[in-house]
*Asks:* 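Sharing a structure below in structure tokens format, with a few things to ask.
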Amino acid sequence: MFKRVFLFILIVSCGPERYTPLAPSKIEIDKYYGIAIKDPYRNLENLKDVAVIKWLRKQEEHSSEILSLIPNRDYLFEKQKKYDEKENSNISKTLITDLGTYFYLKQRSVEEIPKLYYRSYLNLKKEICLYDPLWHRSKSGFLHTITYFKPNWDETKVAIGLAKEGEEVSEIIIIDIKTKKVSSEIITNTNPASLGGISWLPDNSGIIYQHIPRLNITERDFMLNTKSAVYKLGEDSKKINSIFSKSDYPQLTIKEEDYPIVSYKSNKDKYVLGILDGDSRYKDVYYANIDEVYNGKPKWEQLFRKEDKIKDFVFYEGDIIFLSGKNASNYKICRTPVSAPNFINPEVLVKEKKNQLILDFEVTPKGIYFTTLKNGVTSRLSLLDTELREKEITLPKASGASYLESDGKNLYVSVRGWTTPYSLYSYNLDKKTFSKPIIFSENVDSEFVDLVVQETEIVSHDGVLIPISIIHQRNIKKNGINSTLILGYGAYGASFTPFFSIPLLTWVMEGGVLVVPHVRGGGEKGDLWHKGGYKTSKPNTWKDAISCAEYLIERGYTSKNKTVIYGVSAGGIMVGRAITERPDLFAVAIADVPAMNMIRSEIQPNGPNSIKEFGSTKDSIEFRALLEMDSYHNIKDKSPYPATFITTGIKDSKVVAWDPAKFVARLQAANTSDKPILLSVDFNAGHGVNYVKEKYYKDMADVLSFAFWQTGHPDYQPKKSF
């Protein structure tokens, strides 16, 4: 398919005098389908090379030195802490059991990391701390954070996923809820937060989890050939009792990059599910009798294929009720009997909504409750009753995105927004009334009451309307001098729904404007919206962001020298290609753990799964699409680029550190402007995994102060010139 030619060269600085340590270069030329692609920093891919690590350390030292000179950086850190203290505590990852018990992570403003708590629905004021990860540190010597938890069916034990700070792979411990005693057996080589969670067996005798055979993130086989396994309480946790994997079931279409996950949703279900997961929107799903799990060899039968486009489903009284994207980009709710499933022509219970995405649903004795989402930002709650009549239910508070849970007696509805933190309400199915919020923040809302949230649509480059969210202070003047941060993602069909962020709201409170363009590649307008920024249509993602910036400038919110573009992970494609296509349009580019070198993405540990979203160089058409979305290869020599701040983690397995490092190396060598190009390297971090609050606020103070500095905010201008 391609040939390689090696050249060696030392790239020297051109243009203005540089203050950054330029990277050593070893050019390699690849030929794809007759196209020669020059890669001047291929040598940076060797993270075992002493010279490469030395350069990365110099980059980190240089970035730290520059950032430390920005006035008011510490003020931004303290400002975030002040808002956090006002909130008093943050509650996340809530789980409500059928017995009416709430399990949740809670982090008080003075605490380093969250703890696991639980409380009864009948006694909401009495909460019990079940597990503090600092107890684990006292034994292991390392700081760990809770990434996942799952109580068993009778609520006598809970399985907890713990990850060492900065690492993505976890271990599982099991705790007795009454005594808080931790089992001596620890399950290693797993990651329940990302790989399907944990399922308890119906008799509570053990758990089903996902086993990761290889843990070296620098090797090609990391995260390949994972297995679903059963651990029985009291047994040797090092023994892997696999029940669903490529090696166990060669007759099934399981690829080495697939995650064969086993899920058991209710101890009343007769069936256990085998799900072939990975970075794709829809899954191949199998089923087996739960009793067969105990003998270690379930007889897996296919339930449906990814081509059936089933996003979510439940078993209910002999039926499968599911959310379908088949001929319904915004989804529809359907029903088919378990005894003779028909996914091609099922009974449609709730038709596709023209301008609303069906987001979530819960089946109850009173009917099917479901939430919808308009343009990714406005949520509604409805009921399809037992007579198949639809009725809208007014939410207790305006919500950007609402999700549902049910214990059969009550419906639990989450509410959140750009300026309002997460709240959880109980809706009594019989009385048809909402309770006071069960989980909410009492004080922090008042800090942001004068902020304005505008939801509008703008015309993109091809005439398509793009939803954008604009958050700013009420008394803003559209005089073109507002520092404006454009935050986007646009990949994997993930919707950038409203969320409460103290750092981003701090930006607004300091006079900045926050803008979220819901660019194509996301899921804000359904399946077609995802496909509109996928593989060969990926340019729409960054062109939508460019159109957003042009709109904001035309309307006087900001100007070219005040505009910041910001993205994380796959959002790095949007950032990198926006500034390489229109470097004149942005003053600043910021990207955390970003994907920038897309024609090399499939050789990374997450590569085989990223192919499903972005494409493969093994296909000539997809190769050209990857080259088009490759920010690294679209840098032009001797060109002026915006101020750029890139972060990466050496332990990152999703986007390996050399990927954004190569982009920075080339940008530093090509840039002719006097703008700083910084690379911050965390040698103890993975793919944005950061549960330690103080470190997170410090990192965000770096981001925000850099953006204010480079957009000319007078309070953030260093005394020393660069």
Side-chain angles (χ1 to χ4, degrees), residues 193-197 223 226 253-255 257-261 263 273-286 302-314 320-334 343-344 346 350 352-353 356-361 370-373 375-376 401 403 467 488-497 518-538 540-541 544 568-571 573-574 595 598 601-602 606-616 619 622 625-626 629 654:
S194 298
L195 298 180
M223 294 300 294
T226 61
T253 56
I254 303 177
K255 300 176 182 177
E257 68 269 19
D258 289 335
Y259 304 140
I261 292 168
S263 174
L273 302 171
I275 304 166
L276 295 187
D277 206 348
D279 289 333
S280 57
R281 199 162 180 79
Y282 302 110
K283 326 291 181 188
D284 288 322
V285 174
Y286 298 81
Q302 190 153 46
L303 183 62
F304 54 79
R305 305 167 304 151
K306 64 179 62 176
E307 290 79 12
D308 292 318
K309 292 191 172 183
I310 295 173
K311 187 181 178 186
D312 193 14
F313 68 99
V314 296
I320 303 171
I321 299 176
F322 60 98
L323 197 59
S324 172
K326 194 82 168 180
N327 301 317
S329 177
N330 288 339
Y331 303 110
K332 56 191 175 185
I333 300 177
C334 303
F343 298 109
I344 297 175
V350 179
E352 178 186 17
K353 309 293 181 182
Q356 298 177 62
L357 179 76
I358 299 178
L359 182 66
D360 195 15
F361 74 94
F370 62 96
T371 57
T372 58
L373 195 63
N375 286 347
Y403 294 88
Y489 185 68
Y492 296 106
S495 297
F496 223 148
T497 55
H518 303 280
V519 297
R520 278 171 281 186
E524 287 86 345
K525 287 189 174 184
D527 209 29
L528 292 178
W529 202 248
H530 172 216
K531 292 299 188 288
Y534 166 90
K535 292 189 176 181
T536 56
S537 62
K538 190 63 183 171
N540 287 325
T541 299
D544 289 348
V568 178
S569 190
I573 300 171
M574 180 199 74
M598 295 307 294
S601 63
E602 65 189 283
N606 194 49
N609 272 312
S610 70
I611 288 172
K612 301 170 185 176
E613 176 71 13
F614 303 114
S616 171
D619 180 289
E622 290 182 355
L626 285 165
M629 70 180 82
K654 296 289 194 301

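The structure presented is a predicted model; accordingly, all values stated were derived computationally and were not measured. Positions are given from 1, in the same order as the sequence printed here.
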*Asks:* Is the closest side-chain heavy-atom distance between Ile320 and Val314 below 4.5 Å?
*Replies:*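 Ile320 vs Val314: side chains apart.
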*Asks:* Could you list the residues that satisfy ring-ring contact (aromatic ring centres under 6.0 Å, His included) with Phe614, not counting sequence neighbours?
*Replies:*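 So Phe614 forms a ring-ring contact (aromatic ring centres under 6.0 Å, His included) with Tyr492.
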*Asks:* Run Leu276 and Lys255 through side-chain contact (heavy atoms from CB on, under 4.5 Å) and show every step you take.
*Replies:* CA-CA 9 Å; Leu276 295 187; Lys255 300 176 182 177; over 6 Å; no
*Asks:* Please enumerate all residues that pass side chain to side chain donor-acceptor pair (under 3.5 Å) together with Lys326, with sequence neighbours excluded.
*Replies:*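 Scan of Lys326 (side chain to side chain donor-acceptor pair (under 3.5 Å), adjacent residues dropped) gives none.
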*Asks:* Side-chain contact, heavy-atom cut-off 4.5 Å: Tyr282 with Glu307?
*Replies:*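 Not in contact.
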*Asks:* Measure from the side-chain N and O atoms of Glu524 to the backbone N and O of Phe496, and report whether any donor-acceptor pair falls under 3.5 Å.
*Replies:*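 Judged by distance alone, yes, a pair lies under 3.5 Å.
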*Asks:* Can you name the residues that form a salt bridge (Lys or Arg N to Asp or Glu O under 4.0 Å) with Lys309, not counting sequence neighbours?
*Replies:* Asp527
*Asks:* Checking Phe370 now: which residues fulfil ring-ring contact (aromatic ring centres under 6.0 Å, His included) with it, not counting sequence neighbours?
*Replies:* none
*Asks:* Heavy-atom distance under 4.5 Å between the side chains of Val568 and Tyr489, does that happen here?
*Replies:*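 No - every pair of side-chain heavy atoms lies 4.5 Å or more apart.
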*Asks:* Please round to the nearest 0.5 Å and tell me the distance separating atom CD1 of Ile310 and atom CG of Asp312.
*Replies:*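 Taking CD1 in Ile310 and CG in Asp312, the distance rounds to 10.0 Å.
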*Asks:* Hey, does Thr253 have a side-chain heavy atom less than 4.5 Å from the side chain of Asp258?
*Replies:* no
*Asks:* Between the side chain of Trp529 and the main-chain N/O of Asn375, is any donor-acceptor distance below 3.5 Å?
*Replies:*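 The answer is no, because no donor-acceptor pair under 3.5 Å joins these two groups.
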*Asks:* Are any of the side-chain heavy atoms of Phe361 and Thr372 separated by less than 4.5 Å?
*Replies:*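 The answer is no; the side chains never approach within 4.5 Å.
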*Asks:* Do you know which two heavy atoms are closest between Arg520 and Asp544, and how far apart they sit?
*Replies:* NH2-OD1, 2.8 Å
*Asks:* If the condition is side chain to side chain donor-acceptor pair (under 3.5 Å), which residues does Lys538 pass it with, not counting sequence neighbours?
*Replies:* Thr541
*Asks:* With His530, which residues qualify under side chain to side chain donor-acceptor pair (under 3.5 Å), at least two apart?
*Replies:*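 His530 satisfies side chain to side chain donor-acceptor pair (under 3.5 Å) with Glu613 only.
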*Asks:* Suppose we screen for side chain to side chain donor-acceptor pair (under 3.5 Å). Which residues come up paired with Asp277, at least two apart in sequence or across chains?
*Replies:*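 Partners of Asp277 under the side chain to side chain donor-acceptor pair (under 3.5 Å) test: Lys283.
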*Asks:* Sequence neighbours excluded, which residues qualify as side chain to side chain contact (heavy atoms under 4.5 Å, CB included) partners of Ala328?
*Replies:*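 Here the qualifying residues are Lys332, Glu352.
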*Asks:* My understanding is that only residues two or more places apart in sequence, or in another chain, count here; which of them pass salt bridge (Lys or Arg N to Asp or Glu O under 4.0 Å) with Glu602?
*Replies:*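 For Glu602 the salt bridge (Lys or Arg N to Asp or Glu O under 4.0 Å) partners, ignoring immediate neighbours, are Lys618.
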*Asks:* If we ignore hydrogens and angles and just use 3.5 Å, is the side chain of Asn330 paired with the main-chain N or O of Ile358 as donor and acceptor?
*Replies:* no
*Asks:* Looking at Tyr534, is its backbone amide N or carbonyl O close enough to the side chain of Ser537 to form a donor-acceptor pair, meaning the two atoms are under 3.5 Å apart?
*Replies:* yes
*Asks:* Do the side chains of Asn540 and Val519 get nearer than 4.5 Å, heavy atoms only?
*Replies:* no
*Asks:* Please answer whether the main-chain N or O of Gly523 pairs with a side-chain N or O of Ser495 as donor and acceptor at a distance below 3.5 Å.
*Replies:* yes
*Asks:* If the condition is side chain to side chain contact (heavy atoms under 4.5 Å, CB included), which residues does Glu622 pass it with, not counting sequence neighbours?
*Replies:* Lys535, Ser616, Asp619
*Asks:* Only counting residues at least two apart or in another chain, list the ones meeting ring-ring contact (aromatic ring centres under 6.0 Å, His included) with Phe322.
*Replies:* Phe343
*Asks:* Ile321 versus Phe313: any side-chain heavy-atom pair under 4.5 Å?
*Replies:*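 A side-chain contact is absent here, since even the closest heavy-atom pair is not under 4.5 Å.
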*Asks:* For the pair Arg305 and Asp284, find out whether any cationic side-chain nitrogen is under 4.0 Å from an anionic carboxylate oxygen.
*Replies:* no
